[in-house]
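Worksheet: the structure to be examined is printed underneath.
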Amino acid sequence: DAGITQSPRHKVTETGTPVTLRCHQTENHRYMYWYRQDPGHGLRLIHYSYGVKDTDKGEVSDGYSVSRSKTEDFLLTLESATSSQTSVYFCAISELLAAQGGANVLTFGAGSRLTVL
Amino acid sequence: GDSVTQMEGPVTLSEEAFLTINCTYTATGYPSLFWYVQYPGEGLQLLLKATKADDKGSNKGFEATYRKETTSFHLEKGSVQVSDSAVYFCALKRGSQGNLIFGKGTKLSVKP
């Protein structure tokens, strides 16, 4: 069990306000990811991190920033939320699973549903 | 760039019917291929994977074979159950720590 906790699980906010979503993991995995899920688009990568203070952009990074000051926490910030950022956000970690033949696979958190009015 | 295309849903089947969800991919090199499942209100769970050509991934009665010649990774199950109702995502990953590129998902509904 990767021990991934996302918070908050649900949030409603207004356009123009800042929002921070938190992803917390308990097993010191190096790689962490933020995806958004939207109908008709599947999941799209926003940002990812390959270590403390090491982050990079994904496919849909505009309007988002991330920070990773500790191995266990990966924060996603919307500096000024817009209605187009209404979505379900998933955090993931890359872990080695013996049950999967020792391959690295992505394991996902339960998601954070964000509504921007 | 890399991409995954999976059949449009929703797919509605009767219990015990045979399931196929088509997935094809475009990628350079030799990606790993995955199927994830998302039950209502939950996050994604890994269903099965294959890391090289001709590998067959299997789990919970589901199977998929990595076909490099047709760049496909179709998901099959011989007899679906109501509890299989979910959204299924095909995905690919290049490299051991690469991120996943997902298809748009296929919603499956199984009726008793």
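Proteins get letters first, then strands, A, B, ... in listed order; numbering begins at 1 in each. No experiment lies behind these values; they were computed from the predicted model shown.
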Can you confirm whether Lys57(A) is buried at NZ, in the sense that more than 12 heavy atoms of other residues, nucleotides or ligands lie under 6.0 Å from that atom?
no
Under a single-linkage definition using a 4.5 Å side-chain heavy-atom cutoff for Ile, Leu, Val, Met, Phe, Trp and Tyr, are Tyr33(A) and Tyr50(A) assigned to the same hydrophobic cluster?
yes
Does CD in Glu42(B) sit with more than 12 non-hydrogen atoms of other residues, nucleotides or ligands closer than 6.0 Å?
yes
What I'd like to find out is whether the side chain of Phe90(A) reaches to under 4.5 Å of the side chain of Gln38(B), using heavy atoms alone.
yes
Where on Tyr35(A) is there a heavy atom nearer than 4.5 Å to chain B: the side chain, the backbone, both, or neither?
side chain
Could you walk me through whether Gln37(A) and Phe89(B) pass the side-chain contact (heavy atoms from CB on, under 4.5 Å) test, one step at a time?
CA-CA 12 Å; Gln37(A) 182 180 20; Phe89(B) 292 93; 3.2 Å; yes
Hydrophobic clustering (ILVMFWY, side-chain heavy atoms < 4.5 Å, transitive) - are Leu75(A) and Val66(A) grouped together?
no
Tell me, yes or no, whether the heavy-atom count around Glu14(A) atom CD, taken from other residues, nucleotides or ligands under 6.0 Å, exceeds 12.
no
Going hydrophobic residue to hydrophobic residue with side-chain gaps under 4.5 angstrom, can you get from Leu76(A) over to Val52(A)?
no
Please tell me whether Leu13(B) and Tyr88(B) are part of a single hydrophobic cluster in this structure, the criterion being side-chain heavy atoms less than 4.5 Å apart.
yes
Rounded at 0.5 Å granularity, tell me how far OH in Tyr48(A) sits from CG in Leu100(B).
13.0 Å
Keeping Tyr36(B) on the side-chain end and Leu106(A) on the backbone end, is there a donor-acceptor pair under 3.5 Å?
yes
Heavy-atom pairs under 4.5 Å with chain B: which of Gly109(A), Gly40(A), Gly111(A) has the most?
Gly40(A)
Side chain from CB out, backbone as N, CA, C, O: work out which of these in Glu59(A) comes under 4.5 Å of a heavy atom of chain B, or both, or neither.
neither
Between Leu43(A) and chain B, with a heavy-atom cut-off of 4.5 Å, which part of the residue counts as in contact: side chain, backbone, both or neither?
both
To check you understand the geometry: which heavy-atom pair defines the closest contact between Val105(A) and Phe34(B), and what is its length?
CG1-CE2, 3.8 Å
